[in-house]
Amino acid sequence: MRRMILRAGTAIACLALVSAPLVFAFDFQKIEKTVSEHTLANGLKIIVMERHEAPVASFVTYVDVGGVDDPKEYTGLAHMFEHMAFKGTRQVGTQDIDTELQLMKVEDSIFYELRAERKKGAQADSTRLAALQKAFDEAIEAANRVVVPNEFDNILERHGAVNLNAGTGMDQTSYIMSLPSNKLELWMAMESARFNQPVLREMYREREVIAEERRQTLENNPIGRAIDVLKSTAFTAHPYGISIVGHMSDIKNYTRDAAKAFFEKYYVPSNMIIAICGDVYPDEVFRLAEQYWGGMPAKPNPEPVATVEPEQQGERRVILEDPAQPFFAAAWHVPEYTHPDWPAVQALMDYLGQGRTSLLYTNLVKEKKIAAEVFAFAGYPASKYPTLALVGVIPAADHSNEECESEVYVEVERLQNELLPAEDVAEIKARAKADFINGLTSNLGMASQLASAQNDWGDWRALFKELGRINGVTPEDIQRVAKKYFTKNNRTVVCLNTVQS
Amino acid sequence: MKKWTTLLCLWWLAALALPAAAQDVESITFPPLNPLEIPKVEKIQLDNGLRLYLLTDKSLPLFNVNVRLAAGSYLEPGDQAGLAEITGTVMRTGGTRTWTGDQIDELLEGIGGMVETNFGDVEGGAFVNVLSDYADTGLLVLAEVLRYPRFDQDKIDLAMVQARTNIARRNDEVSEIALREFRKLIYGAESPYARTMEYATLDKVTRDDLVAFHDRYVRPENIQMAIYGDFDKNKVLARVKKLFGDWKKGTAAVPPPPVVDYQWRKQVYYAEKKGAKQSYIRMGHLGGMLKDPDYADKIVMNSILGLGFGSRLTDEVRTRLGLAYSAGGRYVSNAAYPGYFFALASTDPGNTVKACRAMIEQIRSMQTVPPTDMEMKKGKDGYLNSFVFNFDSRREVIGRIMSYDFYGLPEDFLQREKTRVEQTTKDDVVAAAKRSLHPDSMVILVVGDKEKFDLPLDSLGWGPIEAVDISIPAPQQADQEELVVNDANIAKGMEILGKAIAAHGGTEAFAGVTSVVSTRSIKLVMGGQELPATVNSWEVIPDKEKSEISIMGQKIISLRVGQQGWRTDQTGQMVPLSADEVAEGEKERLRETIRVFQAYGNPYYKAVYNGRGELGGTPVEWVAILDASGEQLARFGFDAGSHTLAAKMYFDQTMMGEGMVTEKYSNLQPKGKITLPTVTVTELNGQKIMEENISVFDVNTAIAAEVFAPPQ
């Protein structure tokens with residue numbers, strides 16, 4: 001029962017119901033038997049999980065590249081490339097590739113001149129700028145006339161693809177889709193082609209789309225902005241502090257050459273994992289993979305980010321003033337996912353702020369009614385590198401960030417000063433188990449999890465060892481990590497305060 | 001092996017595994033699709049009308065229940081908007097006969113399980129998700145929550161706090177504003193399909209209302225319960241019968257959801273959000289029903305018009321023009337009430353009108369430009385080839401069966417539509433577009449900051465532009481504050497009134513007022529129309545007054561001298577006032593501002609402080625003016641900062657009806673030694689009924705005796 005003070009009545013009433021003892025282990029052997037793997041000579045890894053209940057399959061192409069790998073002058077480039085990956089190839093997306101490539105070269109050369117003139121700032125020649133801009137727009141129109149827009153998507157969707165999408169995180173980029181299972185070879189052909197010889201067409205227009213995406217998801221969204229600034233304040237050295245979508249000025253400066261160089265460096269077979277879950281058979285998958293992906297040349301594996309965020313010396317605070325309603329968030333530096341302390345940090349965040357019986361919900365929402373919502377989780381913005389544990393509070397109407405902030409620290413201190421009862425820790429594990437099993441239901445979910453386990457641990461089987469990591473957490477572990485990481489000096493705070501303009 | 005040998009081997013291997021030369025997917029032959037086994041759902045109805053749907057799946061140890069409740073917020077009275085939603089929340093959080101809400105939270109979170117309840121606009125739901133070991137617990141908690149919720153006040157209070165917080169936040173995100181306001185334009189601001197809960201409506205919701213809503217509508221005959229996952233059918237059926245079998249049917253039939261009365265019009269609506277980084281555009285009109293005969297044609301039409309890449313809206317507005325990240329649209333057909341057709345885009349404010357034009361053009365093109373072969377492939381093949389995905393999730397399958405059952409759709413509704421889609425032709429798509437899309441009768445909503453637009457919205461030439469007021473009606477604190485007549489409040493009331501008089505010229509200045517002659521131009525708002533009129537008045541304090549209203553070519557006169565009075569009747573004759581009318585007139589006079597200010601300190605009046613409130617963002621202090629008998633003549637609202645008169649409220653009978661009248665004042669002007677507002681906006685029960693502008697206001701001028709001469 002999740003209050004430190006046991007309430008006997010509750011304990012008896014509830015235990016009477018829960019006749020089955022809490023069991024944390026889950027027999028993964030049955031599931032593990034459905035998974036096969038194969039590595040091509042060029043380093044590309046393929047994982048297949050069989051599920052034959054319905055004639056469908058989900059596909060994930062997982063690339064170990066993300067926002068952290070953005071070049072310094074082109075933040076958001078990893079995300080830009082993700083958009084570019086849907087623009088097709090030499091065959092798909094064009095009416096005449098040779099003409100198109102020439103027209104693209106014209107676009108590029110005009111853009112370089114335009115950009116050079118812009119960089120002169122106040123010294124720029126405004127007539128020349130106007131002329132270049134006009135020529136640029138015309139070149140874009142000319143090139144686009146030879147394009148067959150969105151043909152890559154159309155082909156797949158015509159054949160029954162659903163959930164065709166991609167996502168760029170700070171650590172990784174995933175390309176996903178589900179298809180009727182008889183279209184396996186279609187996926188092989190299309191996916192391998194676009195990562196073997198993508199054509200970065202319509203790039204200059206797509207930058208504008210990305211600018212709109214930035215406005216929509218970040219700039220026009222008060223809480224999104226607050227969390228973004230929290231992140232960039234917490235990280236002074238490590239690139240986790242950068243926005244995935246990139247700075248607006250960088251977006252407007254992307255060149256095709258930069259995107260191409262990025263692709264060539266990171267989209268190499270040894271840096272990619274394919275995971276397929278559904279009504280497919282491993283032999284056939286691996287045969288087709290050899291046929292379609294085998295020719296992708298092996299290249300050196302790119303280096304991970306070496307910068308280590310230096311230890312934070314003191315609390316950092318950001319105050320934002322906005323007409324929007326108040327919002328408060330605090331973040332503490334915590335280690336990366338593969339660190340031995342990680343499971344204890346996860347357990348702590350569950351107990352602190354996830355669910356109606358968590359410390360924060362009980363105290364701030366139920367008892368004091370100073371907050372309407374609370375959330376807590378570890379691993380923001382990602383977790384391959386040392387990262388953040390985040391607590392957020394939406395104050396109740398007529399209540400303030402200050403009130404909520406001080407109560408958050410009261411609960412954090414409780415975790416530092418008191419050991420959790422063993423049964424509360426057992427319940428954390430029960431929740432972890434239920435969450436985990438629920439996460440196994442969808443093909444797409446499974447494929448994603450297999451790919452990321454393979455990437456993070458070098459072995460997809462690590463996915464099924466996750467519960468084991470959590471099951472090893474003790475009350476002492478939770479107290480220890482509370483004391484070690486959740487200190488004042490280690491935290492960064494953002495307050496979105498309401499100020500009418 | 002030596003390095004160069006290894007390299008040679010690798011090269012040789014690589015050379016073997018050449019990439020498929022021009023990846024020409026059209027040349028690939030695909031095997032036929034493996035047969036799709038649509039999971040079989042067992043249907044059982046209990047004697048009390050509760051309908052069960054059972055579907056086992058032993059692949060993972062999970063137990064799920066999905067309950068559909070045939071009741072929603074459409075059943076709540078409009079002035080209690082939020083009642084159903086709060087009931088839905090507190091059914092689960094407020095405890096049951098056996099446990100408090102906190103105990104249920106601890107029970108469920110202790111086993112990693114979940115039980116939740118809610119009400120939407122036309123239906124409600126309850127969900128259970130537990131590991132299959134705890135199926136019994138899950139069902140027990142579900143039964144308790146559905147049958148015996150106890151609605152603890154503490155949890156009602158919490159739900160209210162959360163609901164109020166959501167109200168306060170509802171304008172923080174442009175997308176939320178656009179979605180909400182667009183629904184209002186389609187269904188009507190007061191419609192249960194669009195109305196918003198407000199502080200005032202929540203204030204009217206009591207615990208008794210929640211209990212009554214639950215008791216009336218959460219009945220077995222209104223419940224469909226789907227159980228799917230890892231369970232033994234016989235055991236679970238027995239358990240369900242034990243927990244729900246003795247639940248008695250209700251007595252009240254549930255009225256069906258109301259029909260939609262859509263006002264077709266071509267109009268632009270602008271909702272201002274200052275500083276918005278994007279404009280959010282939504283345009284469209286009323287949509288259709290699932291049962292409409294051309295539903296299949298619309299499936300193809302939607303795919304071509306606005307669903308994702310390859311659709312006209314996305315390809316043009318996003319990809320070709322680069323104007324938006326989100327751009328699309330579709331014609332929505334619903335089961336319970338008509339959906340709506342919409343196209344949306346969110347774009348840089350400097351592209352607002354450009355984006356609107358591009359969207360309108362693409363919508364029009366659906367009627368004039370037939371689909372290309374490629375578009376038909378997208379629309380038809382895409383649907384047909386992905387059809388299998390309608391059945392890959394048990395949760396989706398069983399939810400759909402419940403819904404079709406309720407709405408009287410055949411279980412194979414989707415399969416029938418699939419057959420129709422197979423037969424859909426280009427002509428069918430154009431015909432459906434002509435029949436169901438009305439690009440020249442759309443409402444266009446733009447949420448954003450017009451100062452940053454590329455062009456003003458009227459350059460669209462889309463009819464009148466109406467500003468949408470999205471300001472959140474303030475909590476009516478003062479209204480709720482009871483008038484407490486005690487010494488402290490009287491003292492405070494007098495103090496505030498004294499400051500107000502000083503702010504308007506001072507007691508001496510008001511004492512010196514003996515007569516007033518004024519001319520006002522007014523606008524009466526009646527039945528959506530605005531009627532102009534002019535009013536000339538003469539007044540000799542204390543008991544002579546005359547007013548002449550010139551309206552629609554007529555003159556209406558009212559005259560009072562002492563206890564006698566006359567007015568113009570419908571025939572144009574002057575007839576005497578009845579005793580009631582004289583008394584009413586007296587009351588009216590007593591609440592006049594000049595009179596009240598002049599009477600400061602007069603024991604006839606009491607000025608009683610009645611709390612703080614807010615008027616259009618300005619804090620006001622309310623002072624109730626009571627007559628000698630203690631009856632409230634009016635509440636005066638004074639600006640808390642400047643102490644000037646901001647508003648007056650009183651209960652009255654007007655020609656528009658009876659109710660709470662609010663006069664809101666502005667544009668203070670000096671008239672000799674006194675300062676008074678020259679603009680008054682009058683509301684009845686919150687609706688504007690009149691606007692007045694004083695053009696002439698003469699104090700203490702001589703008035704000829706003939707003015708007050710009685711009629712012959």
Side-chain angles (χ1 to χ4, degrees), chain A residues 1-2 10 13-14 17-18 20 41 54-56 91 144 149-150 153-155 157-160 162 180-183 185-186 189-190 192-193 196 205 208-209 212-213 215-216 219-222 279 290-292 294-295 324-325 355-357 366 369 372 396-397 427 430-431 433-434 437 440-441, chain B residues 10 13-14 17-20 22-23 25 28 30-34 36 60-62 99 103 105-107 109-113 131 133 137 158 161-162 164-165 168-169 172-174 274 276-278 309-310 315 318-320 322 324-326 346-348 377-378 381-382 385-386 388-389 391-392:
Chain A
M1 312 303 141
R2 217 195 312 197
T10 310
C14 295
L17 280 171
V18 183
V56 295
Q91 290 78 34
N144 282 354
N150 298 318
D153 284 64
N154 287 350
I155 292 173
E157 283 176 354
R158 249 195 295 125
H159 283 273
V162 299
S181 48
N182 63 331
K183 299 290 166 73
E185 189 170 355
L186 175 72
M190 299 285 289
S192 64
N196 216 359
R205 271 288 171 267
E208 288 161 43
V209 173
E212 291 309 318
E213 186 180 354
R215 288 191 184 103
Q216 186 177 317
E219 296 178 5
N220 226 12
N221 179 341
D279 178 33
E290 285 286 356
Q291 179 188 341
Y292 283 97
Q325 290 293 294
R356 292 192 182 99
T357 62
K366 280 184 178 173
K369 298 192 178 69
E427 289 175 358
R431 284 192 287 277
K433 176 184 169 188
I437 293 175
L440 303 175
T441 48
Chain B
L10 285 173
L13 274 170
L18 288 166
Q23 139 255 323
V25 297
I28 303 177
F30 300 106
L33 189 63
N34 284 340
L36 166 68
L60 287 170
L62 293 168
W99 303 294
Q103 286 174 332
D105 291 343
E106 293 183 9
L107 169 60
E109 289 185 7
I111 57 173
L131 294 178
D133 283 342
T137 307
L158 174 56
V161 165
Q162 290 172 321
R164 292 201 176 98
T165 306
R169 296 186 166 264
D172 286 356
E173 299 218 6
V174 183
K274 278 240 147 294
K277 297 285 191 281
Q278 280 192 320
F309 296 116
D315 278 4
R318 171 171 163 155
T319 308
R320 198 182 80 78
Y325 172 65
S326 297
S346 52
T347 185
D348 184 311
K377 277 197 171 150
K378 175 192 197 290
D381 292 0
N385 285 329
S386 66
V388 64
F389 285 101
F391 304 97
D392 68 335

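Letters A, B, ... mirror the listed sequences (proteins, then strands); counts begin at 1. If you're wondering where the values come from, they're calculated on a predicted model, not measured in any experiment.
- For the pair A:Arg158 and B:Asn385, the minimum side-chain heavy-atom distance is 4.5 Å or more.
- No side-chain heavy atom of B:Glu173 sits less than 4.5 Å from a side-chain heavy atom of A:Asn220.
- Put simply, the side chain of A:Arg205 does not reach to within 4.5 Å of the side chain of B:Thr319, judged on heavy atoms.
- Of the atoms belonging to B:Ala276, heavy atoms from both backbone and side chain fall under 4.5 Å from chain A.
- The candidate with the highest count of non-hydrogen atom pairs below 4.5 Å against chain A, out of B:Asp392, B:Leu36, B:Leu33, B:Val161, is B:Leu33.
- Interface remark: B:Leu60 contributes side-chain atoms only to the contact with chain A (heavy atom separation under 4.5 Å).
- To the nearest 0.5 angstrom, A:Arg431 atom CZ is 6.0 Å from B:Glu109 atom CD.
- Taking B:Arg169 as the reference, A:Ile223, A:Gln325, A:Pro326, A:Ile394, A:Pro395, B:Thr165, B:Asp172 meet the side-chain contact (heavy atoms from CB on, under 4.5 Å) condition, with sequence neighbours excluded.
- Of all the listed residues (A:Glu185, A:Glu213, A:Glu208), the one sharing the greatest number of non-hydrogen pairs under 4.5 Å with chain B is A:Glu213.
- Contact count versus chain A (heavy atoms, under 4.5 Å) is highest, among B:Arg318, B:Arg164, B:Lys378, for B:Arg318.
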